[in-house]
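Heavy-atom basis, side chains included; hydrogens, waters and symmetry copies ignored. We count residues from 1, following the sequence as given. Computed from a predicted structure; not experimentally measured.
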Amino acid sequence: MQMTTRDVLLEMDQEEEDDDDGDIGDVAASKRPFLTPDPSRLVLDNLEQTAVSSFGALESQPDFRTPEFRKRRAYESNLICDGLHLEATRSILDDKLVFVKVHAPWEVLCTYAEIMHIKLPLKPNDLKTRSSAFDNFSWFTKVLQVDESIIKPEQEFFTAPFEKNRMNDFYIQDRDTFFNPATRSRIVYFILSRIMYQVRDNVKKFGINKLVSSGIYKAAFPLHDCNFSHKSEDLSCPSERYLLYREWAHPRSIYKKQPLDLIRKYYGEKIGIYFAWLGYYTQMLLLAAVVGVACFLYGYFNQDNCTWSKEVCHPDIGGKIIMCPQCDQHCSFWNLNITCESSKKLCIFDSFGTLVFAVFMGIWVTLFLEFWKRRQAELEYEWDTVELQQEEQPRPEYEAQCTHVVINEITQEQERVPFTTWGKCVRITLCASAVLFWILLIIASVIGIIVYRLSVFIVFSTKLPETLNGTDSIQKYLTPQTATSITASLISFVIIMILNIIYEKVAIMITNFELPRTQTDYENSLTMKMFLFQFVNYYSSCFYIAFFKGKFVGYPGDPVYWLGKYRNEECDPGGCLLELTTQLTIIMGGKAIWNNIQEVLLPWVKNLIGRCRTVSRAEKITPRWEQDYHLQLMGKLGLFYEYLEMIIQFGFVTLFVASFPLAPLLALVNNILEIRVDAWKMTTQYRRMVPEKAQDIGAWQPIMQGIAILAVVTNAMIIAFTSDMIPRLVYYWSFSVPPYGNHTHYTMEGYINSTLSIFKVSDFKNQSKGNPDPKVVIPTTCRYRDFRNPPGHEQQYKHNIYYWHVIAAKLAFIIVMEHLIYSVKFFVSYAIPDVSKTTKSKIRREKYLTQKLLRENHLKDMTKNMGVIAKRMVEVVDNNLRPKSE
């Protein structure tokens, strides 16, 4: 593509140009020549080659009369008329590929900065920073900080919305650095997304997004400023990508704090706020992990003092207690002491430390959310997003469907919408039905896992003792219950990941059909659909184990059946808490490993394949824009998936933490790696994203608040109904001593015998009767986990007094724990303001300074104008009086 041009020397920190030797280097912004087409003349001599905007590449069109070519020509002509400078460059690796680099000169940047209400430096910040309590440990915190000699701290300014007629009021020392890279890219993208390229049926079509999605251009993206592995040879090039890789993404910087100001400066506020939130969440996890490990160690070192576990393992107590068969026809009687090892493990997690940790996590999550609000308010001020005045434009997909004309209620003018009110109701109904169908599909998969548990437990109960006969060291660890739990958890994890992949595509299809108006509406709609699905997908199996398994089993003489065929699952004599812990460990650990493999390997392999395809044709050094073109596209929903991954993890850490105090530690380790993996991806494997403004983390904040409220209920119910803590406390304080017990002092001795009910073997029904081992003498009675009266009692097999004491204690515990934690949460939320006093002072100071400067400058302008008017009036009077005096 050839154009009549004139050479100009302009600054642009996203572009690079050929050096004197013909190779491409990292050229400083102020030294890059651009070919600026004359808007009044546009000569196209070689029309078989077309170009892409700075932001990308596109293939050749052999016929310039095609609609695609006319749209490109109109679009680029309008870009030139709007003041942008275009420069076409042919690809080195592919002759059919042409790049068009876009440059916005100073006047264009200033014009659109005023249109977009961008806040720019007004005056250096003169407020003193308060001394921190950690200043005394500066020798320690200095190790964690980024080296200031490498990444210099950003100077703080008071800012105000830019106005061209008040340009002298702003802190402009260097035009090359007044607009940072993210602001430049945002302004250029703002222009590109609003330039028209076609008018059809009085409907204007515009925007680079539509051109890329329709294939007229192949890609559109800002350029990285240099190679990530080494600095630019030009000393005036900032090499910010290299600095981010060295001090942020490199593994050796894993212990350092993140350079958030540089991340925001290079990638924009939306990406900056994500990493700020993830870093803050990881810091708060450190406290939760320390307390969780302490509670775990408390249970580990006190497991030898666990009286009820000793009774299970004792050959004269647990060894002589014969348990009833747990399935029909195929299961045999079994001794309680085969669960010895699992009871020892259960003592670690089902201890007093579990209760303390559950209460602590209920308060911790409130502290995290409240302190994050304060930190978010600080970032809003520092990054100038307190009063974000940015009207979001409709999505091109929405505009393309606008065929119906309606009257706007506010402006009373005609406007086009994609569907009528009735059509909108139909779409919402269909979308809601689709979401409900997929949620029911997940529930069906959970039921399938339950059926698997019920059927496989019979197989393990029959075959496992025969297979492991004579291997006591394995048999004491691998019981039928343990084997069923582990295999079911693994299958559940595989099904979760498969459904996750399928529903991700389905959710996007449903949201596309729903047709939200703006990108924010689109992301919020997709967020609620995906989170609702993920919530059911990841947590349904945990909810089943925690609150349903073993709760509705009846008793051996009258068991409860699933679907009229499968006998309901029972928990171990110690409860289902250990199985819930196993489920959480497999899902959390497997999810973290799978996600990190996906995030690291997939983009690396794709880029490696791309490099292998082009290396044979690369005879010259590839220019920056061509290197970036062959990187992976992160996409508009890139951050959405990162947030979703962390919110699901946040749910595991808070909702079921009473069963697994090591969950915060696993999350902490994962997040430390996650930060650096995400940083590595963005700096080395992905194209640079278009910078976007963002005040907060969006819809994820209320989702976390909802999880925090639900977590109090789930943890209270786990302790009450899943663990055996309440029955043990009831026994210790009420049933170990008279009138219900025989001991003279409070003790846990006799707990196992007291909590296992007696069943008479002759009362078995034929259907539920087990298959006894012919080598073993059939007992007259067996034991089962429940609180029921023994045979021969006037209310045999009915719930006894112990049961009602336990139920009352459980309900009282839930009420007390919930009210206690909710009261503390309310007090903490009230006591911690969302905006700190220092931040409020800075905001007030900035408003005062802005008003003062604008008022003073206005008075200066008025005084100057009045002086000019007075001088002219004097001259007029003198001219009028002079002839008379003469």
Open item on the list: Apply side chain to side chain contact (heavy atoms under 4.5 Å, CB included) to residues Leu631 and Tyr686 and explain how you reach the verdict.
Closed with: CA-CA 5 Å; Leu631 294 177; Tyr686 283 99; 5.8 Å; no
Open item on the list: Run the side chain to side chain contact (heavy atoms under 4.5 Å, CB included) test on Lys218 and Val212 for me, step by step, so that the C-alpha distance in whole Å, both residues' side-chain angles and the decisive distance to 0.1 Å come before the verdict.
Closed with: CA-CA 6 Å; Lys218 292 190 69 175; Val212 172; over 6 Å; no
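Ion pairing between Lys681 and Asp678 holds under the 4.0 Å rule for side-chain N and carboxylate O. Here Asp628 pairs with Arg624 in a salt bridge; the nearest charged N to carboxylate O distance falls below 4.0 Å. Look at Lys270 and Glu523 and you find a salt bridge, because one of the NZ, NE, NH1 or NH2 atoms lies within 4.0 Å of a carboxylate O, short of that distance. No salt bridge links Glu692 with Arg186; every basic N to acidic carboxylate O contact stays at or beyond 4.0 Å.
By the ring pair (Phe, Tyr, Trp, His ring centres under 6.0 Å) test, Tyr522 pairs with no residue at all, sequence neighbours left out. Residues passing the side chain to side chain contact (heavy atoms under 4.5 Å, CB included) test with Cys431 are Ile510, Phe513, Glu514, sequence neighbours excluded. Leu633 is linked by a side chain to side chain contact (heavy atoms under 4.5 Å, CB included) to Arg687, counting only residues two or more places apart in sequence or in another chain.
Inspection of the Gln701 and Asp696 side chains reveals no N or O donor paired with an N or O acceptor under 3.5 Å. Donor-acceptor pairing under 3.5 Å is lacking for the side chains of Lys210 and Tyr197. Between the side chains of Thr527 and Asn524, no donor-acceptor pair of N or O atoms lies under 3.5 Å. A donor and an acceptor atom, one from each side chain of Asn595 and Tyr641, are nowhere located under 3.5 Å apart.
Below 30°, between 30° and 60°, or above 60°: for Phe179 and Trp106 the angle between ring planes is above 60°, a perpendicular geometry.
Cation-pi geometry between Arg194 and Phe190 is met: the NZ or CZ atom falls under 6.0 Å from the ring centre, inside 45° of the normal.
Aromatic ring centres of Trp700 and Phe640: separated by under 6.0 Å. In this structure, Phe228 has its ring center at least 6.0 angstrom away from the ring center of Tyr242. Note: Trp680 and Tyr245 fail the aromatic proximity criterion, with ring centroids not under 6.0 Å apart.
Across Trp248, Tyr266, Tyr267, a single residue satisfies ring-ring contact (aromatic ring centres under 6.0 Å, His included) together with Phe275, and that is Trp248.
Closest approach of Leu244 and Pro259 over heavy atoms only: CD2-CG, 4.2 Å. Listed here is the closest heavy atom pair of Phe178 and Leu120: CE2-CD1, 3.5 Å.
The local environment of NZ in Lys164 is crowded, with over 12 non-hydrogen atoms from other residues, nucleotides or ligands closer than 6.0 Å. Atom CE of Met528 is surrounded by 12 or fewer heavy atoms from other residues, nucleotides or ligands within 6.0 Å. Within 6.0 Å of atom CE in Met509, 12 or fewer heavy atoms from other residues, nucleotides or ligands are found, so the atom counts as exposed in its surroundings.
Asn537 places no side-chain N or O within donor-acceptor distance of the main-chain N or O of Phe533, the cut-off being under 3.5 Å. Looking only at distances, a side-chain donor or acceptor of Arg241 sits under 3.5 Å from a matching main-chain atom of Cys226.
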